[in-house]
Visitor: 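For reference, the structure I am asking about is given below.
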Amino acid sequence: MNRFFITTPIYYPNARPHLGSAYTTIVCDVMARYKRMCGYDVAFLTGTDEHGEKLQRAADAAGIPVERFVAEKRELFKNLWRTLGIPEYSPKHPAGYRFVHTSQNPDHVKSVHWMIRQAQKAGYITKKKYEGRYCIHDERYVSDSTEPANCDICGRPAELISEENYFFRLSAFQDRLLKLYEEHPEFVRPDFRMNEVKSFVKSGLRDISISRRRLKWGVPWPDDAEQVVYVWYDALTSYLTGIGFRGLEATDPNSDFYKYWMDPNAERVHMIGKDILRFHAVYWPAFLMAANDALPQDKRLPLPTTIFAHGWIYYEQDKMSKSKGNVVYPEPIVEALNSFGAPGNDALRYYLLRDTPLGQDASFSYEGLIQRYNSDLANGLGNLASRTLTMLHQLCEGKVPRRIGPSEAQGAVQLIPAFAEAFSRLDFSTGLASVWAMISEADRLIVQVKPWELAKSGSFEDKAKLEGTLSMVAQFLRVVSVLTYAVLPAASSVLFGYLGESGTVEGERIDDKLKFQLLASDTKVAKPEPIFPRLDKEKTLAKLYELAEADRVRERAVAPVPPWRDRRPADESRTKGATVEQQPEQKPPSAEPEPPRGTGFQPVKQHAAKMAAPQAPTPADQKISIDDFAKVEMRVGEVIAAERIPKADKLLKLQVDIGTEVRQVCAGIAEYYEPEKLIGRKVVVVTNLAPRKLRGVESNGMIVAASVEPEGRPVLVTFQEDVPKGARLK
RNA sequence: GGCGGGGUAGCUCAGUGGUAGAGCGAGGGUCUCAUAAUCCCUAGGUCGGGAGUUCGAUCCUCCCCCCCGCUACCA
């Protein structure tokens, strides 16, 4: 049997899961159900990555053991999946999710150790001494400047430290990765993401640091008690642990790992958000290649077949939640729709999958949800089912007539391969659109035939036409209920039952056997109850807002200031790549950007638009003394020359007269200030900052500016009164 | 700055070397089996701007503007 393995990211449980995480998981659930109905042997994995300093600190702050703390967080995820009707694996739900967690998991330690040992054997791991600026308070490296620098986050002076870390020779895999991308264009999808990955790899890979000495909460480094495995190996390897991997030698030959991963014909799909593409498309295959280099040919681990990076879900700003905490949670949405008798889960799933093609950023809005629901589900499928069933009762004694409409069925039959083709590409939007195009056809056919008029005539021909048409539509509805099951599990099951079927929809198979005329003649159909009751826009919106607000209040009451949350407000998620959770706890010594912990997360972003969020104020416990402040020398200077620096978007080179001398200072303000207009302007310069070269240009100081969110726009400090050059700020 | 992708009806987008389409919304009409649903008609849009190739370009070439992504550079 064909095998299909799909994973969500291994989520970092530092906050309650929001709509973004739900989106990824829903997509995987849909795919798991769909593939299962196509006859695949399916495994679906999700989980939580529970290591990392941030979680440990949060647990400490909460005064509970970190193991218990993360176990509680884990439940938040499982609870959400339960609310969303996403089943956990069981004999009854073979395509339900399996859950892997990393902490206190000896099996996972075995997996990780095995992966690392293989890479060591193959010579890809080296221990290197690293020197750099480290902010003790924030547990992170600050910058690579050669003179004392302050921490970006807390402003404290960073210390020069040296630490030995294990490094992975990622650079050794550049050519092999490029070859992989060439030979397997489906390895990264959508294709435009593949282009990004390729160009990133082509530009050269740096070795990455894969251990930490200062951390305690994590997988211990094999044979080195002083080091802890850093996020990469820990989180990515959990994809293997989750299906039974314990290191190749210790893995049960009958385990799912051999079924779903080692099978060369299995499809292995990692569904992720676009923000974590690089780690999955570059690091992960490199880790696997590294391990394979230490193995004989016949024992090598296959690579994933596809890394699918979907887009983010944006939340259209609305009046009700202008204050803050605009993150959208799925539970109140489902609850609100349910309260009107609508299948909330199905509606949400349908909206998310139909409205935006997977891979593109989605713009979530309550109005869009209601709109989609009413036009497609209520007016479309729901109404078609309703009118058809009613007519069967009124005109055909409540049974599916024997006759089959002849030629009209042609188009509907062709629907199935088109739908299947789109879904297999994860193009849910197109697949669903094709179904709804057919629903529209069916509506048109009914109006064209007018069964209610034919019934009046009483002639044999008319009766035959009437019955043939209604029977055909009923058969069509049966097919629709099967095809839409993966997306609309609850509603399609109801429809299936209405049509007189006694089995379950999920027991059906989407293959050559899924044809028309499967409803037995004379099948008794149910008297219809609206499957998708139409929603009143105003009332539903009001309910959605009300429940979202109630949810927010409840959340605050439970955790007044969740310590594991970012210090920054969530809606500051502005600039390129910055996300809700962008707050690196430690920066790797290499210049690689810091990822979030976990294999991923899906931020619900605001439309950056005009949201202004204040920079988080310095917490009270981070106050500095007057002496600390006195160390910083700031003086008034006058710009006497300004020019752009070639090949730098943001940098201006300024000559600033600070009274005693003229300083050359670089400032990252080119996007907002015209160089010509700066000349003659008084600015504030930090004059005792260590010199640093930026883009090859030496900078002796720093121009002081406010950083205005959301995009971090710099605004230069100015004086209302006239101030002489050289005046010191105190 | 480099690389890549885009700018088409109010919105979301499709599309072809011969002067442009779908869905939704909106307006009008119709039917009555149906969830005030369905069905039918209606959008006259400089297909980002300019130049060129061509008998003819929205689709081909060049230049420019703007947007997005990755990347570099920025604390």
Visitor: In dot-bracket, 5' to 3', how would RNA chain B read with Watson-Crick or G-U wobble pairs under 3.5 Å, [ ] for crossing ones and | for pairs to another strand?
Guide: (((((((..((((.......)))).((((.........)))).....(((((.......))))))))))))....
Visitor: Looking at every strand, decide which applies to A:Ser429 at a 4.0 Å heavy-atom threshold: base, sugar-phosphate, or nothing.
Guide: nothing
Visitor: Under the salt bridge (charged side-chain N to carboxylate O under 4.0 Å, His left out) rule, what do A:Lys465 and A:Glu461 come out as? Steps first, then yes or no, please.
Guide: CA-CA 6 Å; A:Lys465 193 172 181 189; A:Glu461 290 75 17; over 6 Å; no
Visitor: Rounding to an integer number of angstrom, what distance separates B:U19 and B:G52 when you compare their P atoms?
Guide: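 Rounded to whole Å, the distance is 22 Å.
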Visitor: Please walk me through it: do A:Leu432 and A:Phe423 pass side-chain contact (heavy atoms from CB on, under 4.5 Å)?
Guide: CA-CA 9 Å; A:Leu432 291 170; A:Phe423 261 51; 4.2 Å; yes
Visitor: What is the distance from CG of A:Asp355 to C1' of B:G25, rounded to the nearest Å?
Guide: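 Taking CG of A:Asp355 and C1' of B:G25, I get 13 Å after rounding.
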Visitor: What nucleic acid atoms does A:Pro451 come within less than 4.0 Å of, heavy atoms only: base, sugar-phosphate, or nothing?
Guide: nothing
Visitor: Would you say the side-chain atoms of A:Ser457 pair up with the backbone N or O of A:Glu453, donor to acceptor, closer than 3.5 Å?
Guide: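 Not at all, since once roles are kept as given, no pair shorter than 3.5 Å links the two residues.
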Visitor: Can you measure A:Phe532 atom CZ to B:U35 atom C1' for me and round it to whole angstrom units?
Guide: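 Taking atom C1' of B:U35 as the reference, CZ of A:Phe532 is at 12 Å.
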Visitor: Starting at atom CG of A:Asp361, determine the distance to atom C1' of B:G69, rounded to an integer number of angstrom.
Guide: 9 Å
Visitor: For A:Arg663, is there any backbone N or O sitting under 3.5 Å from a side-chain donor or acceptor partner on A:Asn700?
Guide: no
Visitor: Would you confirm whether the ring centroid of A:Phe364 sits within less than 6.0 angstrom of the ring centroid of A:Tyr314?
Guide: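 A:Tyr314 vs A:Phe364: aromatic centres not under 6.0 Å.
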Visitor: Provide the distance between the two C1' atoms, one in B:G18 and one in B:G28, to the nearest whole Å.
Guide: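 Nearest-Å result for B:G18 against B:G28 at atom C1': 35 Å.
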Visitor: Nearest heavy atom decides the nucleotide; on that basis, is A:Ser203 or A:Leu535 closer to the 5' end of RNA chain B?
Guide: A:Leu535
Visitor: If you measure from the P atom in B:G15 to the same atom in B:U8, how many Å do you get, rounded?
Guide: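 The same atom, P, in both gives a distance of 14 Å.
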Visitor: Without decimals, in angstroms, what is the distance between A:Leu353 CG and B:U12 P?
Guide: 20 Å
Visitor: Among A:Thr540, A:Asn345, A:Leu348, find the residue that satisfies the side-chain contact (heavy atoms from CB on, under 4.5 Å) test when tested with A:Leu337.
Guide: A:Thr540
Visitor: In whole Å, what separates the P atom of B:G4 from that of B:A43?
Guide: 41 Å
Visitor: Can you tell me which residue among A:Asp376, A:Val435, A:Leu477 is in a side-chain contact (heavy atoms from CB on, under 4.5 Å) with A:Leu381?
Guide: A:Leu477
Visitor: Rounded to the Å, how far apart are A:Lys527 NZ and B:U35 P?
Guide: 13 Å
Visitor: My understanding is that only one of A:Val494, A:Leu392, A:Val400, A:Leu389 makes a side-chain contact (heavy atoms from CB on, under 4.5 Å) with A:Leu499; could you say which?
Guide: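 Among the candidates, only A:Leu389 passes.
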Visitor: Any side-chain to backbone donor/acceptor pair from A:Arg193 onto A:Lys274? Under 3.5 Å, distance only.
Guide: no
Visitor: Could you tell me the separation between the NZ atom of A:Lys202 and the C1' atom of B:G4, rounded to a whole number of Å?
Guide: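 Spelled out: NZ on A:Lys202 to C1' on B:G4 is 11 Å.
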Visitor: From C-beta outward on A:Arg444, which listed nucleotide comes closest to its side chain: B:C70, B:C40, B:C73?
Guide: B:C40
Visitor: In whole Å, what separates the C1' atom of B:G49 from that of B:C66?
Guide: 10 Å
Visitor: Rounded to the nearest angstrom, tell me the gap between atom CD in A:Glu397 and atom C1' in B:C33.
Guide: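 My rounded result for the distance is 17 Å.
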Visitor: In whole Å, what separates the C1' atom of B:A57 from that of B:A20?
Guide: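 Between the two C1' atoms, the distance is 12 Å.
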Visitor: Please evaluate residues A:Leu426 and A:His310 with respect to the criterion side-chain contact (heavy atoms from CB on, under 4.5 Å), reporting the C-alpha separation (whole Å), side-chain torsions for both, the decisive distance (0.1 Å), and the verdict.
Guide: CA-CA 10 Å; A:Leu426 295 144; A:His310 70 241; over 6 Å; no
Visitor: How far does the P atom of B:G69 sit from the matching atom of B:U35, given to the nearest Å?
Guide: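 Pairwise P distance, B:G69 against B:U35, rounds to 47 Å.
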Visitor: Within residues 370-395 of chain A, find the residues that approach RNA chain B with a heavy atom at under 4.0 Å, and present them sorted by residue number.
Guide: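 Listed by number, they are A:Gln371, A:Ala378, A:Asn379, A:Gly382, A:Asn383, A:Ser386, A:Arg387, A:Thr390, A:Met391, A:Gln394.
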Visitor: When the P atoms of B:C40 and B:C3 are compared, how many Å lie between them, rounded to an integer?
Guide: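 The answer is 49 Å between these two P atoms.
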Visitor: Suppose the criterion is side chain to side chain donor-acceptor pair (under 3.5 Å): which pairs have a residue in residues 386-396 of chain A, not counting sequence neighbours?
Guide: A:Arg387-A:Asp443
Visitor: To the nearest Å, give me how far apart CG (A:Asp443) and C1' (B:C31) are.
Guide: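 Answer to the nearest Å: 13 Å.
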Visitor: Can you work out whether A:Ser440 or A:Glu196 has the more 5'-proximal nearest nucleotide on RNA chain B?
Guide: A:Ser440
